[in-house]
Amino acid sequence: MLKINDIRVQYQNTLALKGVSLTVEEGEIVTLLGANGAGKSSLLRAISGLVVPKSGEILFLGRRINGLPTHEIVALGIAHVPEGRHVYPQMSVRENLEMGAYNCRDKKEIEKRFEEVFLHFPRLKERCNQLAGTLSGGEQQMVAMGRGLMAKPKIFLLDEPSLGLAPLVVKEIGNIIVDINKRGTTVLLVEQNARMALQLSHRGYVLETGNVALEGLSKDLLGNEHVIKAYLGG
């Protein structure tokens, strides 16, 4: 579904990605692990068109997409939920979610998408008319993810969905990611909580200083000595 070939991303004089290659097959959850500054968010930003790679190519369903504007990439079926949630605090939950369906003009289809989002996030249905800025951090993360799902993506790019959340909420978000995947959406997940990410995913890549240092089945990475020492707390 998604194939990245030797991409390099540069900010001014700094190479954030130094020739990264990876694949994501349809129906998978693939996780990206790595320390801060390893290049994980830069990779997601390159896929969604927020930065243009210096070289290399990104193929989605066989089509080269690097260089396309972001709105065209979204229309192809790629939704990106960036780190930090970024809800619109003075807008209602419903209005925030509706922003994700900006490329759909069919009112019946939009209502159908709302109901699909509420299957994953029933709490948002209860708070539909509440201002997003008054929600808890976990609920705001649900709004951000729901907004991405309103675009009806084929692949969902999630950047640090558990960041700053309480352990019980982290577990809930993890279960929702698995449910989204089981209902047919492929997921590329960036997550500092390495143990959770590897337990949720089918395969993983470890990025270190802009390069792929390790890759493999998630169950194998969970037992890898380097991953245990560097990312799983010893």
Side-chain angles (χ1 to χ4, degrees), residues 1-9 16-17 19-32 39-87 96-117 119-121 143-161 176-191 201-203 205 207 212:
M1 174 179 265
L2 180 68
K3 188 172 185 180
I4 296 170
N5 295 321
D6 196 31
I7 69 162
R8 288 168 166 76
V9 168
L17 298 175
V20 169
S21 298
L22 60 82
T23 61
V24 180
E25 301 295 339
E26 186 173 359
E28 285 190 308
I29 300 176
V30 174
T31 189
L32 298 175
K40 307 182 302 297
S41 294
S42 292
L43 181 58
L44 295 194
R45 288 170 60 83
I47 295 167
S48 59
L50 295 172
V51 296
V52 178
K54 183 179 176 66
S55 61
E57 66 176 358
I58 302 170
L59 301 174
F60 179 61
L61 298 174
R63 176 179 177 178
R64 181 184 170 111
I65 62 170
N66 44 309
L68 291 180
T70 297
H71 70 275
E72 290 186 21
I73 292 173
V74 173
L76 290 174
I78 298 176
H80 180 185
V81 180
E83 179 184 341
R85 299 187 274 276
H86 300 293
V87 301
N96 269 271
L97 294 176
E98 198 165 20
M99 294 284 286
Y102 75 92
N103 60 353
C104 181
R105 298 292 178 265
D106 185 331
K107 291 184 178 180
K108 289 184 178 180
E109 172 62 22
I110 291 174
E111 289 304 316
K112 182 180 176 183
R113 294 185 190 185
F114 270 117
E115 291 308 313
E116 290 173 355
V117 167
L119 282 175
H120 297 296
F121 305 105
V143 172
M145 291 173 65
R147 185 173 57 201
L149 289 175
M150 287 291 290
K152 209 167 181 64
K154 297 180 177 71
I155 186 168
F156 206 21
L157 313 181
L158 292 172
D159 196 349
E160 303 287 6
I176 290 167
I177 292 169
V178 171
D179 188 44
I180 288 169
N181 178 249
K182 286 181 177 178
R183 291 177 184 269
T185 303
T186 303
V187 177
L188 180 56
L189 172 66
V190 164
E191 182 53 67
S201 60
H202 302 98
R203 292 189 301 112
Y205 292 84
L207 294 186
V212 175

Nearest heavy-atom approach of Phe156 to Thr185 is CB-CG2, 3.9 Å
Heavy-atom closest pair (Arg147 atom, Leu97 atom, distance to 0.1 Å) is N-CD2, 3.5 Å
Taken to the nearest 0.5 Å, the spacing of Arg113 CZ from Cys104 SG works out to 4.0 Å
So CZ of Phe60 and CD1 of Ile4: to nearest 0.5 Å the spacing works out to 11.5 Å
From the list Leu59, Leu61, Val24, side chain to side chain contact (heavy atoms under 4.5 Å, CB included) partner of Met1 resolves to Leu61
Does any non-hydrogen side-chain atom of Leu158 lie less than 4.5 Å from one of Leu188? no
**Prompt:** Does Phe114 reach the side chain of Glu98, with side-chain heavy atoms less than 4.5 Å apart?
**Reply:** yes
Worksheet item: Do the charged groups of Lys107 and Glu111 touch, with an N to O distance under 4.0 Å?
Response: no
Those residues at least two apart in sequence (or on a different chain) that pass salt bridge (Lys or Arg N to Asp or Glu O under 4.0 Å) with Lys154 are none
Note: Ala144 and Val87 closest approach over all heavy atoms is N-CG1, 4.4 Å
Report task. List the steps, then state whether side chain to side chain contact (heavy atoms under 4.5 Å, CB included) holds for Met145 with Ile177. Result -> CA-CA 9 Å; Met145 291 173 65; Ile177 292 169; 3.9 Å; yes
- Does Thr70 reach the main-chain N or O of Ser48 with its side chain, forming a donor-acceptor pair under 3.5 Å? yes
Minimal heavy-atom distance between Gly27 and His202, with the atoms involved, is O-CE1, 3.8 Å
On a heavy-atom basis, the closest approach of Val190 and Pro161 is O-CD, 3.5 Å
side-chain hydrogen bond (donor to acceptor under 3.5 Å, both in side chains) filter on Thr31, not counting sequence neighbours, yields none
Applying side-chain hydrogen bond (donor to acceptor under 3.5 Å, both in side chains) to Thr186 and not counting sequence neighbours gives none
*Quick one: are Glu160 and Lys40 in side-chain contact, heavy atoms under 4.5 Å?*
yes
Sorted by chain and residue number, the side-chain hydrogen bond (donor to acceptor under 3.5 Å, both in side chains) partners of Glu26 (sequence neighbours excluded) come out as none
Applying side-chain hydrogen bond (donor to acceptor under 3.5 Å, both in side chains) to Asn103 and not counting sequence neighbours gives none
Does the side chain of Pro53 reach to within under 4.5 Å of the side chain of Arg8, using non-hydrogen atoms? no
Sequence neighbours excluded, the answer for salt bridge (Lys or Arg N to Asp or Glu O under 4.0 Å) partners of Arg45 is none
Minimum side-chain heavy-atom gap Lys54-Ile7 below 4.5 Å: no
In this structure, CD1 of Ile73 is separated from NE2 of His71 (nearest 0.5 Å) by 9.5 Å
Using a 3.5 Å cut-off and no angle test, enumerate the donor-acceptor pairs between side-chain atoms of residues 62-69 and protein atoms at least two apart in sequence or in another chain.
from  : atom 1 : to    : atom 2 : distance (Å)
Asn66 : OD1    : Ile58 : N      : 2.8
Asn66 : ND2    : Gly56 : O      : 3.1

Paired with Leu32, the side chain to side chain contact (heavy atoms under 4.5 Å, CB included) test is passed by just one of Leu22, Val20, Asp159, namely Leu22
Exercise. Val187 versus Ile155: any side-chain heavy-atom pair under 4.5 Å?
Worked result: no
Rounded to the nearest 0.5 angstrom, the CG-CG distance for Leu44 and Leu50 is 9.5 Å
Shortest non-hydrogen pair, Ser42 vs Ala16, comes out as OG-CB, 3.7 Å
Exercise. Between Val143 and Phe121, is any pair of side-chain heavy atoms under 4.5 Å apart?
Worked result: no
Taken in chain and number order and not counting sequence neighbours, the residues that satisfy salt bridge (Lys or Arg N to Asp or Glu O under 4.0 Å) with Glu116 are Lys152
**Study point:** His120 and Arg183, any side-chain heavy atoms less than 4.5 Å apart
**Key:** yes
Residue set satisfying side chain to side chain contact (heavy atoms under 4.5 Å, CB included) with Glu25, at least two apart, ordered chain then number -> Thr23, Glu28
One should read off an interatomic distance between Met150 CE and Asn96 CG, to the nearest 0.5 angstrom, of 11.0 Å
